[in-house]
Amino acid sequence: MVTSVKLSVDSMGVRRFFSRQLLLVMVAAALFAILWVADVRGPGMGWFPIFLYVLFIGNLTTPIMNRLAPLSSRLGFPWDWIAYLILLFLTAVAIASLTVAIIMPIYRIPISSYFSQLWSAGRLVVVVVLIVGSIRHLHEESRVHLEGKNLELQRAVDIGNIRSKQQEQELAKAREIQEGLLPKKIPQVRGLEVAVAWQPASTVGGDYFDVLKFGERKIGVCIGDVVGKGISAALLMANLQASFRAFASEEVSPSALVGKLNEVISNNIAPDKFVTFCYCIIDTTDNGLTYASAGHCPPILFHKSGEIALLREGGTPLGIFPDRKYEDGGLQLESGDRLVLCTDGITEAMNSDEHEFGEQRLVEIGCRNIALSASELVVAIKKEVVSFCSGSFQDDFTLVVVAVK
Amino acid sequence: MANVTYIDSAGLGTLVAAHVSAKKEGTALLLSDLRNKFHEVLQVTRLLTIFNVYPTEAEAISSFGVTSRAADA
């Protein structure tokens, strides 16, 4: 990036030098034409001395004027232009005196006529100064203006880059914090195996799951999906997690917990957002499953016998009406059963033909792989979804599998 | 809604917001002509229980007076 900028500045410098020479040659040609038409003759008025004058004055004054120009450019128009011309004139006269001194021996003009020669050259200098000065001043003004704009743009780009880098860093920190809200080690109880996969669409996401252990025989598993993706969804997910952790206990039934969560979330949520959520408690003493779903895509219970059951009982999503009542559903688990909870990122995963992965595919995978352990089944489902989308998976992705041993 | 072939959760969120604010204003949001997929999404999310859904626009309009009173109650 830096190299290419440097290169372009260098090539611009070379180009500017040649365009200046071209301009000076054109000025000299114009001058010569004017003098020729006006029939002005003299020992220093041939085409060669004129070219020499113009090239000398034009090229030698440029570096000096480049130093002096900022002084005049502080003034407003027309004073900057007048000051520039005066400075240019003084510089040009000094250089013209030098040029005349160089040209005189070439034309074998006696030293005694130096001042008369300078006087006739001086008239040329005035014309050159007026033409070159005006053109250069206009050119310089637009150049300074453009360079200023360029610098401003470069700064804006730099600031944008710094900001986006800062945002990336902040997002990475947010991701760490969000991962910290999820269980680092999945609690396990005897007789069950719980495995999970969680992956946000962007750095952070709106999916939530949690696994809580109540004593040695009871486990609570929840899954939630906040509308939308990214930071806004992640903030709500944090609110959901805090509320769930605050309310969940062995004594609180899933429907009571979901009702309380709904009350809290309804008071903290924008009108166009809601959360789908499902909470299950499994008691391994009798393998009883109690659950309540708040509009979440139904978890699927795969019985070892090949039958399946969908966990639909409960009520509407969280965060719409604070006073909704929820109902508990109950199911009997048996050894060899698999319970699959997921978010719609899985069932609504789309392939390039805009077909959804769908619940049916998930059911088929579950039925086919019922013998797999919970962690193996998680891997198998994830693999199928990713290959269905040809690797371009876009949504938040959460999967919880409970295997009854 | 006959032209709605796909709706995601953000779209549902907008409908929910419209429904809630309509209810606050003492009126109601009625949905009609839902396609299968849309209907299924509302069913899965249990949002079918909060929205007033009608098979056709004409039925929705003709029932409007009755429905909004029912929604208020």
Discussion item. So for B/Leu12, is it side chain, backbone, both, or neither that comes closer than 4.5 Å to the heavy atoms of chain A?
Written reply: both
Discussion item. Just checking B/Asn36: does its CG atom have more than 12 heavy atoms from other residues, nucleotides or ligands closer to it than 6.0 angstrom?
Written reply: no
Worksheet entry | Within 6.0 Å of CD1 in A/Ile231, more than 12 heavy atoms from elsewhere | no
Practice prompt. Measure the spacing between CZ of B/Arg46 and OH of A/Tyr326 and express it to the nearest 0.5 Å.
Written response: 9.5 Å
Item to complete: Take B/Val16 and A/Asp272, measure what side-chain contact (heavy atoms from CB on, under 4.5 Å) needs, and give me the verdict at the end.
Response: CA-CA 6 Å; B/Val16 166; A/Asp272 62 342; over 6 Å; no
Fill in: CD/A/Glu179: more than 12 non-hydrogen atoms of other groups inside 6.0 Å
yes
Worksheet item: Where the side chain of A/Arg312 meets the backbone of B/Val44, is there a donor-acceptor pair that is under 3.5 Å apart?
Response: no
Discussion item. So which atom in A/Pro317 and which in B/Thr45 form the shortest heavy-atom distance, rounded to 0.1 Å?
Written reply: CD-O, 3.0 Å
Discussion item. Shorter than 4.5 Å, heavy atoms on both sides: which option in A/Glu354, A/Glu348, A/Glu359, A/Arg324 has the most such pairs with chain B?
Written reply: A/Arg324
Item to complete: Kindly give the heavy-atom pair with the smallest separation between A/Gly228 and B/Ser9, and that separation in Å.
Response: N-OG, 3.9 Å
Item to complete: Inspect the surroundings of CD in A/Gln332 and state if more than 12 heavy atoms from other residues, nucleotides or ligands are less than 6.0 Å away.
Response: yes
Worksheet entry | Point-to-point distance, once rounded to the nearest 0.5 Å, from CD1 of B/Ile50 to CD1 of A/Ile320 | 4.5 Å
Worksheet item: Got a sec: does the CG of A/Asp353 have more than 12 other heavy atoms crowding it under 6.0 Å?
Response: yes
Worksheet item: Non-hydrogen atoms of chain A under 4.5 Å away: do they reach the side chain of B/Lys37, the backbone, both or neither?
Response: side chain
